[in-house]
Amino acid sequence: MNLNQKELLFQEIEILKNQQKEEYLKAQQRYLEYQRKIQYKTQQLEELMRPAQKIKRAVPFQLYKDAPTLKTLLAFEMRGWRSIPYYSGGNFDVKELAEMIKQIYQFEKNEEYEILVMGLLDQQIEIKHKDILHKEEKIVVVPKLYVLVGKKKLISRFEEFNGHFITSNQFASIRSIVENAHGKDLVILSINKTEKLNEALDLECVTGSIEDKQGYMNYFDSVENMHCSCLFNKYQQIIISDLSQLKINGRHHFRYNKDLLNFEVYQDDRFIGDILTSICIYKKSNKLWNLTSDDYNHIFETLYKKSVDIINLAQRDFPKSLEYKEDYTRKL
C-alpha cells in the first residue's frame, strides 16, 4: 500500500467519525424533542381526564391594584430579603405569558391584538479587561429574540419582521426600532438565552447549511466567519430581580405595580401590571411553579367572567420556527 492510499484511508476514517458524531447528536436532539412533545401531550391528556370542577386552591385569585410602598419593600431589604416578596411567583412560560397579555388587552380594550415573534442578530462591542489599565474591545454577534404583543392596527408596522430571524447591516437601526417602540397598546418582551436544551423554547431556525442543528436557532456569524446555533429560554422572570434596582434605576419614585416589572408597560395600560402582579402573588401563595388550565380559567373568570384556554391558544399563536433572512435590508 502506497503513502497516498494510507492518507486517503485516514481521511475517509476521519470523515466517517465526524459523520458518526453528527448522526449521534442529531439522534440525541430528536430524542429530547420527542420527550418534550410526549411531556406536553401527557399534560394535555391528564387535564382532559381530570373531572370537571372548579379549581380549589388554598388562596383564591385576587386583584391587587395598589403597589407595595417603598417603605414596605425596604423593610424586606433590611430583614435580608434581596428580592421583591412575590418574586418567586414571577416565572412564566414565555408563550403563555404573551397569550395572557394578549387576552388581557382584548378584554380591557375590546379590540383585536396580535403576537409577533422576531429574531435579530445584533452586533455589539465586547470589552475584556486584561488588567486595571489595559482592555480589549471586540465586535461580537449577539442573537436576540423579541415577542411583541400589541393592537392589530398598531403592530402592523412590525409585520415585516414577524416570523423572521434577521441578519443585516442595519443591526442598530432595527434593534432601536423594536426596543424603543414601547407605548400604549404595545408590550415588548426580550427573551433570555439558555445553554440547556431541557429549558429551551421549542423554536427553530435553519439556514440550509449542513451544520444546522435540529431544534436550535441556527445562524451565520459574519464576524467570526462560522456557523453557530443558540437556544432561548422557555421561561421568563417578569419581576425585577433585586430590590437595589429600585435605587439604581431611579425607581424609588415608582407608583404602580407596572413599575416593578422588568419590561415596560405604558402608564395608560397599567392594568397589565396590576393583573400580572396579582397572578405572581397567587402563584407564590399557592406554591405554584406553572399554572394549569384550571388556574387560568379561575383567573379569567374572576376578572372577566369568562374561561380562556391560555395553554392551547399560546401553542396556536406562537410559531414553531422562524425563517432565516440573511443580509436583510429594511424597507424605508
Side-chain angles (χ1 to χ4, degrees), residues 54-93 96-111 113 149-151 182-189 236-291 294-308 310:
K54 291 279 185 181
I55 186 77
K56 290 183 180 179
R57 295 291 187 198
V59 181
F61 176 77
Q62 182 178 345
L63 179 62
Y64 297 92
K65 292 187 176 181
D66 295 324
T69 64
L70 178 63
K71 184 178 179 180
T72 299
L73 293 179
L74 292 182
F76 278 96
E77 187 180 39
M78 290 175 66
R79 292 203 300 255
W81 288 48
R82 292 197 62 189
S83 60
I84 291 172
Y86 48 84
Y87 175 83
S88 62
N91 222 40
F92 288 88
D93 179 288
E96 293 170 18
L97 173 62
E99 190 65 45
M100 271 198 298
I101 293 171
K102 174 187 172 181
Q103 296 298 328
I104 292 167
Y105 262 132
Q106 291 186 153
F107 277 112
E108 293 286 339
K109 301 293 186 80
N110 198 27
E111 291 189 61
Y113 283 70
V149 186
K151 188 187 293 185
H182 296 279
K184 188 177 180 183
D185 298 311
L186 178 65
V187 165
I188 298 175
L189 305 171
Q236 192 83 348
Q237 172 58 248
I238 69 168
I239 305 298
I240 61 172
S241 61
D242 198 323
L243 284 170
S244 62
Q245 288 182 253
L246 294 173
K247 305 164 190 173
I248 295 171
N249 297 338
R251 294 195 187 205
H252 55 283
H253 296 301
F254 75 90
R255 296 176 59 192
Y256 309 109
N257 285 314
K258 74 173 187 66
D259 299 324
L260 298 177
L261 299 177
N262 63 18
F263 58 89
E264 287 190 42
V265 174
Y266 193 68
Q267 183 168 321
D268 289 355
D269 297 341
R270 59 180 179 267
F271 55 83
I272 295 287
D274 294 338
I275 294 171
L276 291 180
T277 296
S278 301
I279 295 173
C280 293
I281 294 171
Y282 171 80
K283 285 178 66 182
K284 176 178 168 51
S285 301
N286 289 292
K287 299 179 180 178
L288 301 174
W289 173 258
N290 288 318
L291 295 171
D294 289 338
D295 288 308
Y296 284 122
N297 285 333
H298 168 60
I299 289 165
F300 278 87
E301 283 170 0
T302 303
L303 291 169
Y304 306 112
K305 297 183 170 35
K306 294 274 188 179
S307 295
V308 181
I310 292 291

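Fair warning: this is a prediction, and the values are worked out from it, not measured in the lab.
- Contacts of Glu108 classified as side-chain hydrogen bond (donor to acceptor under 3.5 Å, both in side chains), with partners at least two apart in sequence or in another chain: Tyr304.
- For Glu264, the side chain to side chain contact (heavy atoms under 4.5 Å, CB included) partners at least two apart in sequence or on another chain are His182.
- Among residues two or more places apart in sequence or in another chain, the ring pair (Phe, Tyr, Trp, His ring centres under 6.0 Å) test is passed with Tyr113 by Tyr105.
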Test log, rule side-chain contact (heavy atoms from CB on, under 4.5 Å), inputs Leu303 and Phe107:
CA-CA 9 Å; Leu303 291 169; Phe107 277 112; over 6 Å; no

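- How far CE of Met100 is from CD1 of Ile279: 4.5 Å, rounded to the nearest 0.5 Å.
- A side-chain donor-acceptor contact under 3.5 Å links Glu301 and Ser307.
- Separation of atoms CD1 (Ile239) and CG (Leu260) is listed at 7.0 Å; rounding is to 0.5 Å.
- Contact check for Phe300 versus Ile104: side-chain heavy atoms found under the 4.5 Å cut-off.
- Taking the side chain to side chain contact (heavy atoms under 4.5 Å, CB included) definition, one finds that Tyr266 meets it with Lys184, Asp268, Asp269, sequence neighbours left out.
- If you take NZ on Lys306 and CG on Asn297, they are separated by 12.5 Å, rounding to the nearest 0.5 Å.
- The minimum heavy-atom distance linking Cys280 with Gly90 is given by the pair SG-CA, 3.6 Å.
- Residues that satisfy the salt bridge (Lys or Arg N to Asp or Glu O under 4.0 Å) test with Asp185, not counting sequence neighbours, are Lys109, Lys151.
- How far OG of Ser285 is from OH of Tyr86: 12.0 Å, rounded to the nearest 0.5 Å.
- Remark: Asp93 CG to Glu99 CD distance equals 11.0 Å, nearest 0.5 Å.
- Inter-residue side-chain proximity for Arg57 and Asp295 is flagged as met; some heavy-atom pair is nearer than 4.5 Å.
- For the residue pair Val59 and Tyr282, the shortest heavy atom distance occurs at O-CE1, 3.4 Å.
- For the atom pair OG1 (Thr277) and CD1 (Ile238), the distance works out to 6.5 Å, reported to the nearest 0.5 Å.
- Looking at Lys283, its side chain never comes within 3.5 Å of a backbone N or O of Asn290 through a donor-acceptor pair.
- Side-chain contact between Asn91 and Trp289 is present, with at least one heavy-atom pair separated by less than 4.5 Å.
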Show, in sequence, the C-alpha distance, side-chain angles and deciding distance for Gln236 and Phe263, and conclude whether the side-chain contact (heavy atoms from CB on, under 4.5 Å) test is met.
CA-CA 11 Å; Gln236 192 83 348; Phe263 58 89; over 6 Å; no

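- Taking every heavy atom of both residues into account, Tyr87 and Ile240 meet most closely at CD1-O, 3.6 Å.
- In terms of the side chain to side chain contact (heavy atoms under 4.5 Å, CB included) criterion, residue partners of Lys65 (sequence neighbours excluded) are, by chain and number, Leu63, Asp274.
- Within the 4.5 Å cutoff, side-chain heavy atoms of Ile299 are placed close to those of Leu291.
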